[in-house]
Undergrad: 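First, the structure itself, so that you have it in front of you.
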2 protein chains.
Amino acid sequence: MTRVTPKIQAAGHDCTACPIRHRAVCARCEADELQVLEQIKYYRSFEAGQTVVWAGDTMDFVASVVTGIATLSQTMEDGRRQMVGLLLPSDFAGRPGRATSAYDVTAATDLVMCCFRRKPFESLMLSTPHIGQRLLEMTLDELDAAREWMLLLGRKTAREKIASLLCIIARRDASLQLSQTHGELRFDLPLTREAMSEYLGLTLETVSRQMSSLRREGLILTEGKRHIIIPDFDRLLEETGDDSDGGFLV
Amino acid sequence: MTRVTPKIQAAGHDCTACPIRHRAVCARCEADELQVLEQIKYYRSFEAGQTVVWAGDTMDFVASVVTGIATLSQTMEDGRRQMVGLLLPSDFAGRPGRATSAYDVTAATDLVMCCFRRKPFESLMLSTPHIGQRLLEMTLDELDAAREWMLLLGRKTAREKIASLLCIIARRDASLQLSQTHGELRFDLPLTREAMSEYLGLTLETVSRQMSSLRREGLILTEGKRHIIIPDFDRLLEETGDDSDGGFLV
DNA sequence: AAAACTCTTTGATGTAGATCAACCAGCATG
DNA sequence: CATGCTGGTTGATCTACATCAAAGAGTTTT
């Protein structure tokens with residue numbers, strides 16, 4: 001389990017060079033506002049599989065994902081688990097005004113977060129409207145995504161669920177690389193079959209079977225277990241059950 | 001279909017007498033800020049079953065639910081529907097900065113909304129931080145509720161889903177009446193079996209069967225089709241699958 | 001007071017996905 | 001190079017819920 005510690009931790013204190021500068025909670029901040037943020041921020045790294053916080057534990061910071069992927073999940077007493085959020089670079093974790101985490105937060109891949117102690121961040125929100133405004137916008141986006149996910153969980157078939165997840169990840173990956181979402185797409189699946197099943201409200205066996213079925217039909221190709229190639233994105237899109245046009249807001 | 005038009009429409013321009021004054025987006029506003037809001041607000045009434053807006057249609061206002069219940073739902077091309085939100089008095093509908101509704105908004109019961117034209121509301125948000133702050137708080141609450149719902153949709157059994165829904169409605173009803181959530185509770189179900197099924201990701205037959213089963217076991221009693229009596233709230237709570245203590249944030 | 005609605009309940013049957021159980025591939029470890 | 005470990009695949013069987021179908025209860029309409 002030897003993993004390279006992401007470089008940014010050692011380096012970057014300079015917000016202007018930050019890769020998520022224009023999309024994170026600080027996106028609207030002016031130079032002087034950024035300087036205040038730089039005073040209270042610190043980076044934390046996690047290895048794939050590590051837990052950032054457990055549901056119910058105190059969480060005295062809020063944070064932006066800088067690189068990697070984190071998941072939010074809930075667990076029932078008897079162990080049933082449901083993932084309720086997938087945090088990608090620039091997404092925000094934690095809730096101003098709340099001391100304990102409502103969810104298990106876990107590093108799905110190696111992860112770097114830009115953290116702010118909660119109290120200073122909260123007072124900053126009062127004095128710096130740009131932060132609150134941006135956070136509102138991001139929270140509204142999250143709410144839309146959560147509601148889209150409710151449709152998936154409540155009404156889609158296993159096959160549609162898998163296709164939807166693959167399309168979402170492919171799309172977000174493409175948007176990070178600034179490539180087009182047409183024709184062939186390739187990316188690494190950042191989730192295990194088990195994590196996928198927790199996100200989709202399925203068992204991992206069903207996930208595996210549906211992946212195999214999509215592979216058999218040529219809708220996806222795989223290299224190793226995790227590298228996915230989508231030869232024709234639009235064709236996979238048709239399997240999601242969504243409107244051909246609009247669909248997910250991502 | 002003769003229904004009494006809610007009185008507030010004729011009467012109330014006075015925010016200070018508003019029943020949702022202390023819980024809605026305007027909760028944190030000072031007297032002078034309320035005066036500005038009063039300038040741009042207007043009431044709209046809808047009868048049970050009426051559509052407020054269709055998904056995709058332009059929605060040039062945002063609004064607070066004053067009395068009654070509204071639902072948000074999504075529809076797939078082939079007609080499968082999933083409810084993604086239940087708006088109770090004081091809840092907020094619409095999204096500042098977005099011109100079209102992402103969901104079908106429907107009056108589940110007779111409904112009165114306090115509306116603000118979107119543009120003036122947006123500029124008010126910039127000049128009146130109290131509104132944006134409150135909206136952020138409400139949106140974060142909605143997001144928590146949506147995530148709780150994802151757990152229900154993804155992992156709960158039909159029986160647990162029904163018990164959860166009844167508990168949530170009973171709880172919110174009790175909080176409006178300022179009564180305790182222990183021992184016997186009674187309330188009117190504001191949803192048809194079909195609406196319940198759309199919310200829970202079930203068919204209406206399954207909803208009906210599970211309601212009958214809870215009734216047979218004495219967990220609920222019914223008077224007519226819609227009036228529900230919960231003789232022992234804590235006993236019903238045990239059927240939800242949630243932690244006995246915390247559970248829903250509502 | 002019969003007809004037509006809407007909402008609900010109940011029964012018979014079918015099926016998607018869960019559950020239980022092997023087994024395989026890739027890797028790290030003694 | 002056997003050993004165990006983690007993550008993934010595939011098969012056989014079971015079951016919770018969907019689907020199809022009919023009928024009851026409470027309305028409004030004629």
Side-chain angles (χ1 to χ4, degrees), chain A residues 1-3 47-50 76 78-82 106 108-109 152-163 165-166 188-216 220-228 239 241, chain B residues 1-3 47-50 76 78-82 106 108-109 152-163 166 188-217 220-228 239 241:
Chain A
M1 267 257 180
T2 338
R3 282 204 177 74
E47 289 184 1
Q50 269 193 302
M76 295 173 67
D78 61 6
R80 280 176 280 175
R81 278 171 70 82
Q82 176 64 49
T106 311
T109 63
L152 177 146
L153 291 172
R155 295 300 183 195
K156 288 191 177 180
T157 64
R159 182 185 174 90
E160 289 169 338
K161 287 178 175 182
I162 299 284
L165 179 60
L166 292 177
D188 283 310
L189 251 190
L191 302 175
T192 63
R193 298 288 184 262
E194 185 178 32
M196 291 173 71
S197 75
E198 282 177 15
Y199 203 4
L200 299 171
L202 298 169
T203 58
L204 69 91
E205 292 95 329
T206 297
V207 170
S208 183
R209 274 187 251 273
Q210 294 295 337
M211 291 287 288
S212 300
S213 145
L214 291 178
R215 194 183 318 121
R216 265 197 305 277
I220 60 174
L221 310 174
T222 51
E223 274 173 11
K225 305 280 178 204
R226 295 290 193 81
H227 192 79
I228 305 284
E239 300 297 324
Chain B
M1 269 256 180
T2 337
R3 283 202 175 75
E47 290 185 0
Q50 270 192 302
M76 295 172 67
D78 62 5
R80 280 175 280 174
R81 278 171 71 82
Q82 176 64 50
T106 311
T109 63
L152 177 145
L153 291 172
R155 294 301 182 193
K156 289 191 177 180
T157 65
R159 182 186 175 89
E160 288 169 340
K161 286 178 174 182
I162 299 284
L166 293 176
D188 283 311
L189 250 190
L191 302 175
T192 64
R193 297 289 184 263
E194 185 177 32
M196 290 173 71
S197 75
E198 282 177 15
Y199 204 0
L200 299 171
L202 298 169
T203 59
L204 69 94
E205 294 94 328
T206 298
V207 170
S208 184
R209 273 186 252 272
Q210 295 294 337
M211 291 287 288
S212 299
S213 145
L214 292 177
R215 194 183 317 120
R216 266 197 305 278
E217 297 173 34
I220 61 173
L221 311 174
T222 52
E223 276 172 8
K225 304 279 179 204
R226 295 291 193 80
H227 192 78
I228 304 285
E239 301 296 325

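What you see below is based on every heavy atom in this structure, not just the backbone, and it leaves out hydrogens, waters and symmetry mates. Proteins come first, then strands; the chains are lettered A, B, ... in the order of their sequence lines, and each starts at number 1.
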Undergrad: I need the CZ-P distance between Arg80(B) and dA16(C), as an integer number of Å.
TA: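 Rounding to the nearest Å, CZ of Arg80(B) and P of dA16(C) are 13 Å apart.
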
Undergrad: Quick one: Lys156(B) NZ to dA16(D) P, roughly how many Å, whole number?
TA: 18 Å

Undergrad: Which part of the nucleic acid, if any, lies within reach of Arg226(A) when heavy atoms closer than 4.0 Å are counted: base, sugar-phosphate only, or nothing?
TA: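 Contact class for Arg226(A): sugar-phosphate only.
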
Undergrad: Which whole-number value in Å describes the distance from Arg216(B) CZ to dT10(C) P?
TA: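 From Arg216(B) CZ to dT10(C) P: 7 Å.
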
Undergrad: Considering the terminal five base pairs at each end of the helix from dA1(C)-dT30(D) to dG30(C)-dC1(D), what angle separates the two local helix axes, rounded to 10°?
TA: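 Roughly 30° between the end axes, to the nearest 10°.
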
Undergrad: Any side-chain N or O of Ser212(B) less than 4.0 Å from the OP1 or OP2 oxygen of dT10(C)?
TA: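 The answer is yes; a side-chain N or O of Ser212(B) sits under 4.0 Å from OP1 or OP2.
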
Undergrad: So, using side chain to side chain contact (heavy atoms under 4.5 Å, CB included) as the criterion, who are the partners of Glu239(B) when residues are at least two apart?
TA: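 So Glu239(B) forms a side chain to side chain contact (heavy atoms under 4.5 Å, CB included) with Arg159(B), Ala163(B), Leu219(B).
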
Undergrad: Roughly how many Å is it from CD in Glu160(B) to C1' in dC17(D), rounded to a whole number?
TA: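 Result: 14 Å.
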
Undergrad: Between Leu189(A) and Leu166(A), is any pair of side-chain heavy atoms under 4.5 Å apart?
TA: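 Yes - at least one pair of side-chain heavy atoms lies under 4.5 Å apart.
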
Undergrad: What's the CZ-P distance between Arg155(A) and dA16(C), to the nearest Å?
TA: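 Those two atoms, CZ and P, are 17 Å apart.
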
Undergrad: Go through the structure and list residues passing side-chain hydrogen bond (donor to acceptor under 3.5 Å, both in side chains) with Arg81(B), not counting sequence neighbours.
TA: Ser73(B), Thr75(B), Asp104(B), Glu198(B)

Undergrad: Are any of Thr192(A)'s side-chain N or O atoms less than 4.0 Å away from OP1 or OP2 of dT6(D)?
TA: no

Undergrad: For Arg80(A), which residues count as a side-chain hydrogen bond (donor to acceptor under 3.5 Å, both in side chains) partner, sequence neighbours excluded?
TA: Asp78(A), Glu160(B)

Undergrad: Can you sort out the partners of Gln50(B) under side chain to side chain contact (heavy atoms under 4.5 Å, CB included), two or more places apart, ordered by chain and number?
TA: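 Residues passing side chain to side chain contact (heavy atoms under 4.5 Å, CB included) with Gln50(B): Phe46(B), Glu47(B).
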
Undergrad: Under the rule for side-chain hydrogen bond (donor to acceptor under 3.5 Å, both in side chains), what residues qualify as partners of Glu205(A), not counting sequence neighbours?
TA: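 With neighbours one apart ignored, the set is empty.
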
Undergrad: Calculate the interatomic distance between Lys225(A) atom NZ and dG26(C) atom C1'; express it in whole Å.
TA: 8 Å

Undergrad: State which residues pass side chain to side chain contact (heavy atoms under 4.5 Å, CB included) with Thr192(B); sequence neighbours excluded, sorted by chain then number.
TA: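 Glu194(B), Ala195(B), Arg226(B).
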
Undergrad: Within the pair Ser208(A) and dT9(D), is there a side-chain N or O less than 4.0 Å away from OP1 or OP2?
TA: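 The answer is yes; a side-chain N or O of Ser208(A) sits under 4.0 Å from OP1 or OP2.
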
Undergrad: For DNA chain D, what residues of residues 196-205 of chain B have any heavy atom nearer than 4.0 Å?
TA: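 Only Gly201(B), Leu202(B), Thr203(B), Glu205(B) qualify.
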
Undergrad: Heavy atoms only, 4.0 Å cut-off, all strands: where does Arg215(A) land among base, sugar-phosphate and nothing?
TA: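 Sugar-phosphate: the residue Arg215(A), judged by heavy atoms under 4.0 Å, touches backbone atoms but no base.
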
Undergrad: Residues in side-chain hydrogen bond (donor to acceptor under 3.5 Å, both in side chains) with Arg215(A), at least two apart?
TA: Thr222(A)

Undergrad: Which whole-number value in Å describes the distance from Arg193(B) CZ to dA25(D) P?
TA: 16 Å

Undergrad: For the pair made of CD1 in Ile162(B) and P in dT8(C), what is the distance, rounded to whole Å?
TA: 12 Å

Undergrad: Give a yes or no on whether a donor-acceptor pair under 3.5 Å exists between the nucleobase atoms of dT19(C), that is its base, and the side chain of Arg209(A).
TA: yes

Undergrad: Considering only heavy atoms from C-beta outward, does the side chain of Met196(A) approach that of Met211(A) to under 4.5 Å?
TA: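 In short, these two side chains touch, coming nearer than 4.5 Å.
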
